[in-house]
Asker: 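One structure, pasted below without further comment.
Naming convention: chains lettered A, B, ... in sequence-line order (proteins, then strands); numbering from 1 in each chain. Below, all heavy atoms of this structure are taken into account, side chains as well, without hydrogens, waters or symmetry copies.
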There are 2 protein chains.
Amino acid sequence: MKVLKIPEPTVVRLSLYSRFLNQANDKGMDIISSDEIGVAVGIPSAQVRKDLSYFGEFGIRGVGYRVKDLCEQVDKLLCVNQPWPVVIIGAGHLGKAMATYKGLLDRGFEVVALFDTDSDAIASSASSEEVSDNLPIYPLRELERVVQEKKIKMGIIAVPAESAQSIAEALIQTGVASIINFAPVVLNVPEHVEIRNIDLTVNLEVLSFNLGMRSS
Amino acid sequence: MKVLKIPEPTVVRLSLYSRFLNQANDKGMDIISSDEIGVAVGIPSAQVRKDLSYFGEFGIRGVGYRVKDLCEQVDKLLCVNQPWPVVIIGAGHLGKAMATYKGLLDRGFEVVALFDTDSDAIASSASSEEVSDNLPIYPLRELERVVQEKKIKMGIIAVPAESAQSIAEALIQTGVASIINFAPVVLNVPEHVEIRNIDLTVNLEVLSFNLGMRSS
DNA sequence: AAGTGTGAATCACTTCACAGCC
DNA sequence: GGCTGTGAAGTGATTCACACTT
């Protein structure tokens with residue numbers, strides 16, 4: 001039952017809608033218009049309606065959307081109505097920052113394990129280093145066991161550029177097929193694996209490019 | 001001297017080209033083809049040539065590009081042939097992770113100061129906490145002074161969602177007009193300010209959406 | 001022969017504008 | 001009257017394919 005190809009920008013916006021709708025729902029709002037949603041997330045109302053219309057008719061003409069219903073529908077589309085266990089590879093500053101970040105859990109993503117190469121973060125600690133409550137740092141050799149026991153589908157790569165490709169391969173080996181990559185490298189992975197890169201320096205360079213454009 | 005509107009995806013790719021070309025140059029490569037660049041960054045060669053062609057003719061027909069020349073040209077376009085001082089607001093795990101991240105300096109971005117609200121990271125330390133060598137954590141009230149003294153144009157927001165909007169306003173107040181925002185909120189800012197959002201949960205939700213699509 | 005540079009064609013996404021319903 | 005849903009139009013980005021240069 002493939003509906004039809006959904007534009008990626010639409011999916012990104014759905015996530016923004018979801019966050020806002022959950023907040024609106026918590027505040028007890030009952031009805032909301034595409035215009036209000038648009039203002040909240042900085043997007044034209046026609047775009048909001050078009051995005052939603054890919055998936056069905058969720059609103060009431062002349063009225064708007066029931067916040068609770070729309071919220072549930074959008075969360076279901078994004079599959080955030082279920083918890084997602086994730087692993088993080090790399091227990092450096094960034095890996096630990098994400099492991100302790102509460103915002104993930106708020107959206108249903110649970111970091112169930114942090115990994116690092118056997119030699120570094122692990123060996124340097126006495127025996128069982130923990131980054132926070134109940135979150136041990138495992139050696140990489142435990143990756144396969146944990147991923148399979150906990151049926152993990154998503155991994156976050158937070159290791160240096162040099163090791164990112166081999167870590168990606170290790171993750172894929174164990175069955176993880178959805179990866180967020182923070183390392184500043186282009187990873188190559190098989191067709192069926194989805195990688196999303198989050199690259200701070202690329203973002204900074206877009207800013208510096210645009211600063212350069214203005215002053216010329 | 002506005003050339004013509006450059007597509008944003010092109011600018012993002014320029015950053016990838018730059019990183020790769022600098023590595024190729026360091027390895028002593030002399031000539032490179034659009035196809036080799038494309039393979040390295042995972043993009044079709046026609047796209048590489050089209051991207052470069054927005055800015056001029058950098059190659060030699062039938063031959064390819066001189067690595068050193070192209071590298072210099074692309075770095076100049078991105079304005080990464082000059083150092084950029086940046087500030088980070090928010091000295092939590094994420095802020096500290098970025099402040100100590102060497103990859104920024106490699107690309108010419110120097111974190112010159114980390115800020116936090118007066119009450120938190122600062123007050124809790126004895127007197128002058130440092131996150132690493134020579135990088136003190138300043139109280140927010142010092143922001144304006146530092147930004148203006150060091151002529152800072154870029155800021156990175158790494159504070160909780162609740163305070164991100166007011167921090168953005170504070171940055172803009174001091175003259176910063178290019179901002180990377182890690183907080184999971186849509187900031188509204190004046191026309192002339194450029195915000196780039198880096199949102200981990202949005203990225204994870206795109207992955208969960210796509211996982212949901214496959215199994216249906 | 002090999003690889004760039006680029007108009008033209010295609011594909012993708014956004015915006016418009018209005019019919020349809022409450 | 002007000003707001004949704006959506007084809008149609010418009011805009012933007014990618015891919016094609018080939019003339020051009022070394």
Asker: So which one's nearest nucleotide on DNA chain D is more toward 5', A:Ser53 or A:Gly62?
Answerer: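 Taking each residue's closest nucleotide, the earlier one in sequence belongs to A:Gly62.
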Asker: Heavy atoms from C-beta onward define the side chain here; which of C:dG5, D:dT14, D:dT22 lies closest to that of B:Arg49?
Answerer: C:dG5
Asker: Using whole Å, what does the distance between atom P of nucleotide C:dT4 and atom OH of B:Tyr17 come to?
Answerer: 12 Å
Asker: Given A:Gln148, which partner from the list A:Lys150, A:Lys151, A:Glu144 fulfils the side chain to side chain donor-acceptor pair (under 3.5 Å) test?
Answerer: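 Output: one option passes, namely A:Glu144.
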Asker: Grab the CG-C1' distance between A:Leu52 and D:dT4 for me, whole Å please.
Answerer: 10 Å
Asker: How many whole angstroms separate atom CD of B:Gln73 from atom C1' of C:dG5?
Answerer: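 Between C1' of C:dG5 and CD of B:Gln73: 16 Å.
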Asker: Quiz question: going by heavy-atom distance under 3.5 Å, is there a donor-acceptor pair between the base of C:dG5 and the side chain of B:Arg61?
Answerer: no
Asker: Report the nucleotide, chosen from D:dT22, D:dT14, C:dT14, that has the shortest atom-to-atom distance to any side-chain atom of A:Pro9.
Answerer: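 Given the options D:dT22, D:dT14, C:dT14, the side chain of A:Pro9 is closest to C:dT14.
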Asker: Which one, D:dT15, C:dG5, C:dT14, comes nearest to the side chain of B:Pro44?
Answerer: D:dT15
Asker: Please check if any side-chain donor atom of A:Asp199 sits under 3.5 Å from a side-chain acceptor atom of A:Thr201, or the reverse.
Answerer: yes
Asker: Can we call the ring centroids of B:Tyr138 and B:Phe115 under 6.0 Å apart?
Answerer: yes
Asker: Please report the distance, rounded to the nearest Å, between CD1 in A:Ile37 and P in D:dC3.
Answerer: 13 Å
Asker: Send over the distance from B:Arg66 CZ to C:dT4 P, rounded to a whole Å.
Answerer: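 Distance, rounded to whole Å: 14 Å.
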Asker: Closest to the A:Gln47 side chain: C:dT4, C:dT15, D:dG5?
Answerer: C:dT15
Asker: Which is more 5' along DNA chain C, the nucleotide nearest A:Glu8 or the one nearest B:Glu57? Just name the residue.
Answerer: B:Glu57
Asker: Start at the 5' end of DNA chain C and walk down; is the nucleotide closest to A:Asp51 or to A:Val63 reached first?
Answerer: A:Asp51
Asker: The side chain of B:Pro7 lies closest to which of these nucleotides: C:dC22, D:dA13, D:dA8?
Answerer: D:dA13
Asker: When you measure from the side chain of B:Gln165 to the backbone of B:Asn188, do you find a donor-acceptor pair of N or O atoms at a distance under 3.5 Å?
Answerer: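 Such a contact is found between B:Gln165 side chain and B:Asn188 backbone.
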Asker: Does C:dT4 have OP1 or OP2 sitting under 4.0 Å from an N or O in the side chain of B:Ser34?
Answerer: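 So the side-chain polar atoms of B:Ser34 do come within 4.0 Å of the phosphate oxygens OP1 or OP2 of C:dT4, strictly under.
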Asker: Does either side chain, that of A:Asp75 or that of A:Asn81, offer a donor lying less than 3.5 Å from an acceptor on the other one?
Answerer: no
Asker: Determine: side-chain N/O of A:Tyr65 to OP1/OP2 of D:dG5, distance under 4.0 Å, yes or no.
Answerer: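 So the side-chain polar atoms of A:Tyr65 do come within 4.0 Å of the phosphate oxygens OP1 or OP2 of D:dG5, strictly under.
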Asker: Expressed in angstrom and rounded to an integer, what is the separation of B:Tyr54 atom OH from C:dT6 atom P?
Answerer: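 Spelled out: OH on B:Tyr54 to P on C:dT6 is 12 Å.
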Asker: Once you round it to whole Å, what is the distance between C1' of C:dC11 and NZ of B:Lys50?
Answerer: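 So the NZ-C1' distance, B:Lys50 to C:dC11, works out to 14 Å.
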Asker: Which nucleotide wins on minimum distance to the side chain of A:Arg13, given the candidates C:dC22, C:dT14, D:dC3?
Answerer: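 Selected nucleotide: C:dT14.
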Asker: Between atom CD1 in B:Ile31 and atom P in C:dG3, what is the gap in whole Å?
Answerer: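 So the CD1-P distance, B:Ile31 to C:dG3, works out to 11 Å.
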